[in-house]
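Just the heavy atoms: all of them, side chains too, but no hydrogens, waters or symmetry mates, feed the values below.
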Amino acid sequence: MGRVLIIGAGGVGTVVAHKVAQNSDIFTDIMIASRTRSKCDAIVEAIGNPAIQTAQVDADHVEELVALFNNFKPELVINVALPYQDLTIMEACLQAGVNYLDTANYEPLDEAHFEYSWQWAYHERFKEAGLTAILGCGFDPGVSGIFTAYAAKHYFDEIHYLDIVDCNAGDHHKAFATNFNPEINIREITQKGRYYEDGKWVETGSLEIHQPITYPNIGPRESYLLYHEELESLVKNYPTIKRARFWMTFGQEYLTHLRVIQNIGMARIDEIDYNGQKIVPIQFLKAVLPNPQDLGENYTGETSIGCRIRGIKDGKERTYYVYNNCSHEAAYKETGMQGVSYTTGVPAMIGAMMYFKGLWKRPGVNNVEEFDPDPFMDQLNKQGLPWHEEFDKDLEL
């Protein structure tokens with residue numbers, strides 16, 4: 001049905017490629033491209049499908065991307081490169097007439113700041129070109145928005161309270177490692193927290209608010225409030241929401257390492273001079289930390305990510321909890337990657353599938369919750385991320 005180009009050959013890109021290759025009835029022609037072509041070739045070898053093409057491209061440069069797009073002529077680009085590169089890839093898609101999907105919103109390289117305004121600004125251009133752009137199609141953001149849309153469609157007249165809860169109860173047996181790109185991960189977690197309440201954003205200190213939350217099959221884990229990008233689009237698309245928050249678990253050892261990294265200046269994102277060379281401390285740190293792609297082999301335990309929702313149906317208050325638990329070991333057995341990469345990569349493939357099936361086609365720039373959630377939810381169960389529901393129980397929040 002379609003030609004797809006995957007940009008990015010990290011852990012998430014590896015999962016996307018595996019899942020795309022598994023669905024050859026939908027994805028008839030596949031290319032993987034990244035700055036280092038040998039990484040793409042290694043993914044193809046692991047999949048065992050020599051028909052998958054590879055290419056080298058620097059996603060910081062629009063002209064390189066356009067040349068690649070014009071050569072391969074994909075119908076859709078799946079962007080699982082760095083968030084810094086979202087805008088160059090979107091620009092190249094416009095110039096080459098290619099549809100677009102990503103898993104994380106744009107952020108500038110020189111400022112740890114997350115918002116959709118930069119990408120939403122492309123809406124009219126994509127609309128006029130007749131091209132679809134699908135934003136934030138990982139798990140959170142991504143499935144978290146689709147869970148919310150599914151709840152709004154089937155179980156609520158009005159959603160009033162939304163809490164997205166993300167627990168990684170896995171053990172990678174490393175003293176300190178991040179589950180995705182260390183630079184992005186540390187930038188995200190060390191920022192001030194923020195949540196939405198009564199029509200305005202409330203700012204908190206970094207990881208200042210926390211409480212234990214009980215996760216299915218895992219038990220209670222200390223969970224920390226932080227800002228996450230899907231909150232911005234969800235409160236916009238569901239204006240009945242009175243409060244929206246995002247919670248994530250962190251172990252004490254992780255937090256201790258993180259505090260030391262900040263205190264000694266290794267979390268800095270500005271350039272410093274070292275022996276006459278300009279280096280960015282957090283980028284140097286990324287080079288010496290374990291590669292998230294290499295964590296899967298000995299990773300045990302599971303993730304649990306879901307939405308806890310309270311609102312009104314037929315004049316009565318009700319609660320709803322929808323979630324997925326993902327085994328790191330099962331993810332590694334299938335794709336060679338750990339569960340955090342798996343939970344991001346599988347939804348990206350499903351979003352691409354929704355596009356090629358003609359179910360998620362809408363010219364312009366769209367967040368995932370703006371599309372029909374039902375066919376996506378159906379595919380989650382079929383593609384390795386089954387979900388579960390609980391009704392009218394204590395949400396703890």
Side-chain angles (χ1 to χ4, degrees), residues 114 136 138-170 188-189 191-252 254-255 302-313 316-326 340 343 369 373 377 387-397:
F114 321 97
F139 207 107
D140 45 356
V143 175
S144 55
I146 294 154
F147 279 169
T148 305
Y150 187 80
K153 179 176 178 179
H154 294 284
Y155 302 128
F156 291 93
D157 296 324
E158 293 184 4
I159 290 176
H160 291 167
Y161 300 97
L162 168 66
D163 285 280
I164 300 166
V165 292
D166 182 330
C167 172
N168 180 10
E188 178 181 294
I189 293 165
Q191 299 314 298
K192 289 184 177 180
R194 191 156 50 116
Y195 65 95
Y196 181 84
E197 188 164 32
D198 296 331
K200 63 181 184 295
W201 292 98
V202 181
E203 192 172 89
T204 73
S206 175
L207 307 182
E208 173 188 4
I209 297 174
H210 54 95
Q211 68 174 74
I213 296 173
T214 305
Y215 295 87
N217 204 42
I218 294 168
R221 289 287 194 277
E222 199 66 17
S223 306
Y224 294 80
L225 186 148
L226 56 119
Y227 178 67
H228 226 241
E229 61 213 65
E230 66 263 47
L231 298 179
E232 182 184 14
S233 67
L234 287 168
V235 300
K236 171 175 171 276
N237 289 314
Y238 296 96
T240 63
I241 290 177
K242 297 178 180 180
R243 187 185 67 211
R245 301 178 296 190
F246 183 96
W247 305 83
M248 183 173 280
T249 62
F250 302 102
Q252 284 306 309
Y254 179 94
L255 293 176
E302 60 188 318
T303 65
S304 181
I305 312 173
C307 294
R308 302 188 182 196
I309 299 170
R310 183 152 50 101
I312 299 293
K313 180 68 174 180
K316 297 179 181 179
E317 184 175 277
R318 77 175 319 181
T319 68
Y320 176 64
Y321 178 28
V322 55
Y323 65 91
N324 161 265
N325 277 36
C326 177
V340 176
T343 55
E369 67 269 17
M377 293 285 280
W387 47 276
H388 312 276
E389 300 174 299
E390 294 180 5
F391 296 89
D392 300 321
K393 294 187 177 181
D394 178 13
L395 298 181
E396 300 182 290
L397 293 158

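Counting heavy atoms from C-beta outward, Lys192 and Tyr227 have side chains that stay 4.5 Å or more apart. Inter-residue side-chain proximity for Thr319 and Arg308 is flagged as unmet; no heavy-atom pair is nearer than 4.5 Å. Considering only heavy atoms from C-beta on, Val340 comes within 4.5 Å of Asn168 through its side chain. Using a 4.5 Å heavy-atom cutoff, the side chains of Lys242 and His160 are in contact. Within the 4.5 Å cutoff, the side chain of Thr148 has heavy atoms near those of the Leu162 side chain. Within the 4.5 Å cutoff, the side chain of Leu234 has no heavy atoms near those of the Tyr196 side chain. Here the side chains of Ile218 and Thr249 are not in contact, with every heavy-atom distance at 4.5 Å or above. Side-chain contact between Phe156 and Thr240: absent, with no pair of heavy atoms (C-beta onward) separated by less than 4.5 Å.
Note on ring orientation: taking the six-membered ring where Trp is involved, the planes of Phe391 and Tyr320 are tilted (angle from 30° to 60°).
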Evaluation steps, side chain to side chain contact (heavy atoms under 4.5 Å, CB included), between His210 and Phe250: CA-CA 10 Å; His210 54 95; Phe250 302 102; over 6 Å; no
Chi angles and distances behind the side chain to side chain donor-acceptor pair (under 3.5 Å) call for Glu369, Tyr238: CA-CA 10 Å; Glu369 67 269 17; Tyr238 296 96; over 6 Å; no
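Screening residues 146-160 for salt bridge (charged side-chain N to carboxylate O under 4.0 Å, His left out) gives Lys153-Asp372, Lys153-Asp374, Asp157-Lys313 as the qualifying pairs, with residues at least two apart or on separate chains.
Contact detail for Leu207 and Tyr224: the closest heavy-atom pair is O-CD2, 3.6 Å. Minimum heavy-atom separation, Cys307 to Phe147: SG-CB, 3.8 Å. In terms of heavy-atom proximity, Pro216 sits nearest to Asn325 at O-ND2, 2.9 Å. Residues Leu225 and Trp247 share a closest heavy-atom pair of N-CE3, 3.7 Å. The shortest heavy-atom contact between Phe114 and Arg194 is O-NH2, 4.1 Å.
The CD atom of Glu232 sits 10.5 Å away from the CG atom of Asn237 when rounded to the nearest 0.5 Å. A distance of 12.0 Å separates CD of Glu302 from OG1 of Thr343, quoted to the nearest 0.5 Å. Separation of atoms SG (Cys167) and CD1 (Ile305) is listed at 9.0 Å; rounding is to 0.5 Å. Atom CD1 of Ile241 sits about 12.5 Å away from atom NZ of Lys236, to the nearest 0.5 Å. Rounding to the nearest 0.5 Å gives a distance of 11.5 Å between CD1 of Ile312 and CD1 of Ile159. The CD atom of Gln211 sits 5.0 Å away from atom CG of Leu397, with the distance rounded to the nearest 0.5 Å.
Evaluated for a ring-ring contact (aromatic ring centres under 6.0 Å, His included) with Trp387, the options Tyr321, Tyr150, Tyr323, Phe139 yield exactly one hit, Tyr150.
Cation-pi geometry between Arg221 and Tyr215 is not satisfied (NZ or CZ under 6.0 Å from the ring centre, within 45° of the ring normal).
Checking side-chain atoms of Ser233 against main-chain N and O of Glu230 turns up a donor-acceptor pair under 3.5 Å.
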